[in-house]
Structures are given as C-alpha cells and as structure tokens.
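These notes concern the structure reproduced below.
This one's a predicted model, so the numbers in the text were calculated from it and none came from an experiment. So you know, we letter chains A, B, ... as the sequences are listed, proteins then strands, and number each from 1.
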There are 4 protein chains.
Amino acid sequence: MNTYRLLISCPDAHGLVSKVSQFIFKRDGNIKEAHHHLDEQNKHFFMRIEIESNLTCSFDEFQQEFAQLAQKYQMNWQMNDVRKLKRVLIMGSKSSHCVADLLHRGHESEMEAQIIGVLSNHDKLKKLASWYDVDFKKVDINKDTKVSDMAKMMDTVDAFQPDVIVLARYMQIIPKSMCDKYSGKIINIHHSFLPSFVGANPYERAAQRGVKLIGATCHYVTSELDEGPIIEQDVLRVNHSDSAEEMQQMGQDIEKVTLAKGLQYHLEDRVLICNNKTIVFS
Amino acid sequence: MNTYRLLISCPDAHGLVSKVSQFIFKRDGNIKEAHHHLDEQNKHFFMRIEIESNLTCSFDEFQQEFAQLAQKYQMNWQMNDVRKLKRVLIMGSKSSHCVADLLHRGHESEMEAQIIGVLSNHDKLKKLASWYDVDFKKVDINKDTKVSDMAKMMDTVDAFQPDVIVLARYMQIIPKSMCDKYSGKIINIHHSFLPSFVGANPYERAAQRGVKLIGATCHYVTSELDEGPIIEQDVLRVNHSDSAEEMQQMGQDIEKVTLAKGLQYHLEDRVLICNNKTIVFS
Amino acid sequence: MNTYRLLISCPDAHGLVSKVSQFIFKRDGNIKEAHHHLDEQNKHFFMRIEIESNLTCSFDEFQQEFAQLAQKYQMNWQMNDVRKLKRVLIMGSKSSHCVADLLHRGHESEMEAQIIGVLSNHDKLKKLASWYDVDFKKVDINKDTKVSDMAKMMDTVDAFQPDVIVLARYMQIIPKSMCDKYSGKIINIHHSFLPSFVGANPYERAAQRGVKLIGATCHYVTSELDEGPIIEQDVLRVNHSDSAEEMQQMGQDIEKVTLAKGLQYHLEDRVLICNNKTIVFS
Amino acid sequence: MNTYRLLISCPDAHGLVSKVSQFIFKRDGNIKEAHHHLDEQNKHFFMRIEIESNLTCSFDEFQQEFAQLAQKYQMNWQMNDVRKLKRVLIMGSKSSHCVADLLHRGHESEMEAQIIGVLSNHDKLKKLASWYDVDFKKVDINKDTKVSDMAKMMDTVDAFQPDVIVLARYMQIIPKSMCDKYSGKIINIHHSFLPSFVGANPYERAAQRGVKLIGATCHYVTSELDEGPIIEQDVLRVNHSDSAEEMQQMGQDIEKVTLAKGLQYHLEDRVLICNNKTIVFS
C-alpha cells in the first residue's frame, strides 16, 4: 500500500471532480483525503487528493494516462509519491537559529525531506552542518564582485539539484534569473508580519513604530523583494519594555516555527500558487 | 443559480467520491468547494460538498434519488438549501453578553440563521429580546418543582420548532430526554478550556490553579455534562494580577466569540459528528 | 477606603521612586500595585501607582502638594480618583458592531466609564443609542460643505465635554485642530494590523495580498492618518477561502474586542504616551 | 555600572515601597524597572526591582544591611548580580527537541545561563551534549532497582551543584526528597494545557477527547505530579485530521518554546512563588 498526492489547478469546468475521481477509482486508487476549492474571482479550480492504493497500473503509466485528462482541462498538475523525499537545500548566513532548527528536524525525521546541503556566504554554519553530516558549501559574496559571486552561488545551487531551496535568513537578494528558474521552489522567512516592514531591519522599525505584536512571514521568493506569495504567518506579543534587540531575540522563535510550518506545507504538497497568493490545504 | 450543501458520513468504501461526484455531475450540479476526510481509526468517511447549480431536477427529486445511493453505502446524510435559514432558539439566564452578541449578529444578518426566540428562567433578557423584536418566553426553574418546570421548559422549546438550540450561558442542566431528542442540535458555550474545569465555577478554579490562559469551549450537548463533542475552543492570556472576577469579565469576550464561531460552523453545515468528536470542515 | 491612580512621566533622575513613595507614605497612602519603567533611549522614566487609602489630607491638598514635587522633577503627571468615571463619547458611522459592543459593556457596567453620547453622520445608530438611553446627535458631513460640517461636528463634540472620544469606525478624517485639542484623548480602531494597510479598504488589500492573518489596531489619533501611538493590536487567522467580504465580517470580532481592550487600558489609566509610542502597564 | 535584581515577597505593610526605595537610593542605586503587586486575598506583597548602579557599598555589604530591613518586614528575598550566570542542569530522556533547543540557545548566549550538564537515563542525548561541549552523565533507571537508581541520580545532580534543574521531557517522576531539596528550582515542561491531561499520554487523550487546541505547560516541580506552580502556558490549533502522533509532532514546537520562555523568566528573576501560584513580572 502506498500514498500518492495529486495536485491540480485549472480553469473551472463542469464535472471536474467527477472526471478526476472516476479516473482514480478505475485504477483502484482510494481517496483518503481531498480538498477542492474554487477561486470565484479567477474562475480557477484547485484540488489536492491523497490517494492510498496499490495502483493497478504503474506510477508512470498512471501519470501518462492522466496527462491526457489534464490536457483536456488545461490542468497544471503534479503527482508525487510520498516515499520519494524532496531534496532540500538550506541557504543561510550568520544567524543559526533557523538552520539549526531545520537540521535538527531533518535529523530526527520530523520532515518529509532529505536535507542535501547548507550553502552560505560565511563560515559560521559549517560546524553545525558537519555535525549533522550535511554537506556544507561556502560561496563568498562581496560587494565588488557581486555579479560573478552570485553566478558562482547559482552554479553551486544548481549542482545540488535541489527540489526546494530554503532561505533561512540568507540576507542576500536572490537574482531574478534564479527566482525565475526555481519559481515556486524557493521559500524564504521574512522577519516581519508582511506587508509591514518590507526590506531591511524590520525589528528596529517595529520597535520604532511601537507595534504590540511582531511577526514572521514564510513566502515563496519572486524577483520582487518580500512580495512573493505568502504561505504562512505568525505573530508574537511584545510590549514597551522590549527593545529592538530583544524583539530580534524573541522573534527568532516565530521565525523558526513559521519557516518550519510553511516548509512542511510545501513538502506535503499542500500549497498551490494562484497569481500572487497561495491556496494552502492544511 | 442556487447553492446546496451535501453532508455525508459513512463507512469507507472504494469509489465513494467518484459515485457521489458523478451523481451531482449528471444533475448539472457544479462542485464549488469540497472536503473529504477519512477517519483511519474508525474507517469512516466524511464529505462536505458545496454545490452551485440550477439543478436539472427539483431539490426533492434530487434528494429522493440520492437516498438510493445513500442507502447502498449506508450513508448518514443531509442536504440543505442555503436559502432556507435554520431556526435558532437562544436559551439564556442572567448574563447577557452572549445573548446580546447573537441577537446583534442576527439583526445585522451576520449569521445564516433566523433567530426565533429567547427562552430564559429569568426576566433579565426580556428587554433585550423585545428590542430586537425577538419572541421572549420565560419558564421559571425552581428547585422544588424542577421536574415539572423542566417539562414545561421542554414543551416551550418544542413549540418553537427550532432547528438549533443555543445555550448561551443557560446555567441549567438539560434533561437527558431533551439531549436525546435534539441530539446534535443543542450547542453550548462552556466557560473553560475543556476538559479543564468541567462543571461549575471554572473561572474561580482557574484563578485558584494559577493558569496563564483561560478558555472557552463551544460543544454539542449530550447527557454527560460538558462531555459532548467539541466544535470550537479558544483561549485568552491572563496573569497573576487578574482575580477570578476579572477573569470572568475578560472571559466574556472569548465566550461570545467562540460561541458565535462554533454556531456559525454549524449553521454553514461545516460540522459532522463522529462518536464524541467533530469533523469541522472550516 | 478609596483608590487613586497616579501616572507620572519625567526625565530620569536619581531617587525618583524613593521620593514619590515617601510622599505617598507620609500621607498614609498604601501602594497596592506599581509599575516603573525606564526608557533607556530617551532617559525618560514612567510610573503608574495604584494607591489604596484614606488619605490623611484631601484629594485636592494631596494634588497641590504633589505639584511641588512634580515641578522639581519636571513631571508630566495626573492623579485620578477611581470613583470619578471618565466621560466617553462614541463617534460612529454606519457599521454598528463596535458601537453596540461598547454600549452593551457600558450598560452592564463592564467598563469604568460613563457613556455620555453617540455622535454620527448617519441615522443608523440612533435606535441603538436610544435603546441604551444614551444621547444621540447627528451631524451630517457632506463633501461640498465639509469645512463647516466639521466645525459643527467639533462644536457638538465640545458641548459633550468628553474625557475620551472613541472613534468606533467613524470613517471620517478628524481635523488637525481637533486632534491637537484632544491630544491623547481620541481613540480609534483601525481595521488592519498597522502599519500594514494604512488608509482605506484594508480588508480588500489584505485579501489581495494573500495574508494569512488579518488584524485590528487600537491607537490614539494624531493628525497623521493611522500613524498615532498604538495601544493594542490583535490578529485573526484567515485562509484562501475567505473573500474580502468574509474577512470584513470575521474582522469585526477582533475590531470590537481590540477597541474595548485598548479603551479599557486607557480608562484604567494604564497608558502613558512617549513620543509616538505607548507604555501600557497591563 | 552594573545591574542587580532584588526580589521580595512579604506580608503587606504600610510604607514598604518607600522603605525599600529609600534604602536603595541611599546606597546610590538607581531603579531602572520595578514591579509591585499586592495579593489581596493573602495580603502578601511582591516586588521585583532592577537596580542599575555603581553601589557605594560592596554587594555583600548591601546584602548584609538589607537583611536587617528584611527581617523587620519578614521578607523572603534574594538579590542577584546579573553578571553571575545561573548554573543550569538539563535532564532529558529520549526525545531531543527541547534539549537541542536549550543547548543551542545556551551556545548562542541567548539565555542568561551557563549550561553545566545534561543528565539522562538513556544514551541518545550524549552526542548532542558532546557536540555543544556540555558534560553528559548517564544514570540508568530500572524498574527493579528504582530506589537505588534514583539515589544515584540525585547524587549525580548534587555533584553538578545546579542553581536550576530543567526537566526537558525527562519522563521519570522525581522523588519527593529531591523536589523538597530543590524547591522552586526544578522546572518541568508538561505536554498538555494543565490542568487538562495530568499524567501520561496527554496527546493521545487530547486526540481522544477531540480538543481543538493542544497545549504545553512550564511549571515548577513539586511532589504532586503536574500540580506545581505554573510559570507559562501556550496552545496550538489542531483539527480533526491530526492524529495523536501528529499532535505529538506538532506539540514539540510549543513544548520547546514554552519551556524556553518559562525558563527565561526564571533566569531573569521574574518569577515569585505564592502558595501554588506564580507571580510573573514579565
């Protein structure tokens, strides 16, 4: 018995659910959990179906046959075998709280993922990665040689052949070409409740504005800074006695938990992107 | 164009989703939103389907024909036309925060419901009900004549022909016969985070225990006090400076919001009961 | 036995707490609860002291004598007798959820306040106010006669002699002169998690951005729109299936609760303003 | 310039704050932050004062002189120099999420503490401790030799000379003698929202009861299981699709964050114990 996940988005059409569920039924698939959502504004339909089954055909055959149905309805779709773990590359900088948290979750098999490497522009995370037996690569990013440094960074990323790239406080702006190449596959944690405090120093600006809650936002990266589709957000109560430095300290807890949660949704194929928004079938 | 909601629970069987979605498709129903859930422990399947459609058959025909499919799969099911508002009876006592909140939501059409009456064992809510043009009935409950008083109360309830009965801090234990008769139709708000502080004086006991969060629980009423299926819960932060009286005051906000939310889930046919738990397709 | 509240803010100085507590001690005041906070950036000190006492001198004498101490340390201060309820004027527009909630709290004595009136530019709230026996005044605000209309509105406000003005979704921009005159006394509820979505239509913009939490912000009004000192904020989880209209509906619950909480802090003399931020001794 | 923290609890008496603040003032102490709280039920007074100063006397002299004042008012008190880090011993079992989180915080100097050791009845945490250069001791606990094993465990604890003992999912019941010896110094994380689900298997029981929120509770350990004074609690939303196993997984995030927060309050001398409750000056 195995589990597959089918993710579909397509223009709304009469009989979609019926057609898809019949297709699965005929191949002896059993629907274990399913979510359907119609975006009424865009007349677009979204499905996530968890199939538990010894399929009567091979996974490849199933996909080839489904491709015909998919074409008919102009579906954007993917089907994943849960046994095949996604390859996750972590990119970090100096702060280690998110990276340590992800590596520990990976090590304890708390995530449906294989963490294949840590890439950084500093040495600080090297020891951490090595302790978890995870490959570490350093690519310096210097102001004066940024273009070539970034090219080298991207080559290094490509060499990892990642399914997902996690920016765990990487602190560098990702070039547009890389955003496009890995569209819907780069996940960032921003240390504010977006759209508040887009850009640099959000905790300082939060302290300055005197907000009573600080937040963290996990989102897909696009070429527009901090404007990509939001996957998950959370907040934490602060008060007048908390300085910007203390907020930064406290905020680390929601950063790591929110990043882990958003990443987990992605790994479990729960997220579909619609324009600049996400459908999260949680 | 109209919207119907189909709620189904039944033993898991191969092809269920396929059969149901085909049935809808053939009658020109369009699935707008759907949730499917398999309870793996009990091998029980749950569906909520929102159908947007000019059905090709009448609502009655649809139901008659569906009954055959339902029988085959031993379905427990219901189908509701969203235009037909559920008849809600509010039962209260002396405290008015939940009742006032529900009446205001009813008055402003914020709920899919028709509030048909307020029933109480005290006069205090009379003015409130009358102002909202809602029928008010008082049935005294005295210690010495409790059995006959309760009988009278139940007759009064029956006379209202309610679809849903909301215990908005009614403070009397509902007789077993009434619990059974209106099984899955009586919704209570308990002023604690169940299963903490079952029974009387939860805020006093919360203050005594020194908890850092107080809560409220919206649940279906069964003959076992505060043990019915939970629909919704929420909590609120308190601290050492909050006395039991202040907790009671502060708690009113989560009581009213949690009751309204749980009730709304019920009114929108989002809740299915499985043994002593709920499936809430929110 | 009575309770007084002393609120002080002043430049930090050695021995402040000692001097103030001795002053109270000598007049037989008993400190029941106290909070002291030093803003290290601005070297400014803040105190809130709750005094429970039969003072040996009159309240007026106490204040006259304290004024000398206050002058020496350049204190900004006030002392309030809790028996003297603050006069609250509610200003609203068409939506009634916040106004109804405040009126109900006032009616049930859940707030340390005397609600003296409802002022609106529409008739909709009239019935609500009259039912709670609260004075209702309507002042039309028209595009073409805005300047004179606003002047009339301000005269009406002045006539109420309010201690606090609550903008319960008033929807009009308050003139600078009024902001200045009632500085630190006008409390607004903004239907977003500021600084996200300053200005109009925050729910629409929240839906468009695809945020996963919506919020509400209770703040003092200054002449800069939605930029005044924040007293309290809260958020609510939403998801992809919630339209802007549904968010608006759901958001009403945090709007009313957040406004009530922020207002309560103010009424209980828990809020001190420091530049554009608040110290809330909760 | 240095910072000291003075924690006082004593029977309420007239002039307490005045006397204490004068005492500090005369020795050139500057009060940076202070909280005072009167427990009206028990007529007990609580203070936390943060003193920033080059004291005119030595720390020892200050304490000796203060002892006289303290005696007069029957104070239970302590004064700590923030430069002197508390010695923290972590006790764990097989699950590593809390231990790894604490070790990482210690390593990154995110806590005012010196982590002096990890003590466990299993080998699993050894590698983790060694990587963070923290002393690891294993003391087996067997059913048949529990009494002597526990004695050995307690000897090992004593040898560490800890200021604080953190039970980071230790899973063994601590003997009464150790609870008494380290009264107010042993901090436990319980994986439920107490008083719900005292004892074993809280997630299983939470799943069975169908709660909509699961929780974690950080509390001081007393000889009554899960009944000690609560320092901090938090909750997390779950739904019908989350099994007991998934709740356990999800719960790890609030366990580690709630434990870290409660511990931090203790390390920063923010917690005072009053009977079975805590005053937390956060």
Looking at every non-hydrogen atom in both residues, tell me the closest pair between [X] and [Y] and how far apart they are.
X        : Y        : result
A/Lys212 : C/Ile230 : CE-O, 3.3 Å
A/Ser241 : C/His37  : CA-CE1, 3.7 Å
A/Arg209 : C/Gly228 : NH2-O, 3.0 Å
C/Leu194 : A/Ser196 : C-OG, 4.4 Å

May I have all residue pairs that pass ring pair (Phe, Tyr, Trp, His ring centres under 6.0 Å) and include part of residues 247-276 of chain C, sequence neighbours excluded?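 Qualifying pairs: C/Tyr220-C/His266.
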Looking at [X], I want to see if its [atom1] is surrounded by more than 12 non-hydrogen atoms of other residues, nucleotides or ligands under 6.0 Å.
X        : atom1 : answer
C/Gln78  : CD    : yes
A/Lys185 : NZ    : no
A/Glu246 : CD    : yes
A/Lys19  : NZ    : yes

Side-chain polar contacts of residues 167-174 of chain C - donor-acceptor pairs under 3.5 angstrom, sequence neighbours left out - could you list them?
residue  : atom : partner  : partner atom : Å
C/Arg169 : NH1  : C/Glu255 : OE1          : 2.7
C/Arg169 : NH1  : C/Glu255 : OE2          : 3.4
C/Arg169 : NH2  : C/His191 : NE2          : 3.2

Side chain, backbone, both or neither: which part of C/Phe193 has an atom under 4.5 Å from a heavy atom of chain A? both
Could I get the full list of salt bridge (Lys or Arg N to Asp or Glu O under 4.0 Å) partners for C/Asp234, not counting sequence neighbours?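 Result, salt bridge (Lys or Arg N to Asp or Glu O under 4.0 Å) vs C/Asp234: A/Arg237.
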Hey, could you give me the NE2/NE2 distance between C/His35 and A/His240, rounded to the nearest 0.5 Å? 8.0 Å
Most contacts with chain A, counted as non-hydrogen pairs under 4.5 angstrom, among C/Thr217, C/Ile231, C/Asp39: C/Ile231
Residues of residues 274-282 of chain C with any heavy atom under 4.5 Å of a heavy atom in chain A: C/Asn276, C/Lys277, C/Thr278, C/Ile279, C/Val280, C/Phe281
Toward chain C, the part of A/Gln208 with a non-hydrogen atom under 4.5 Å: backbone
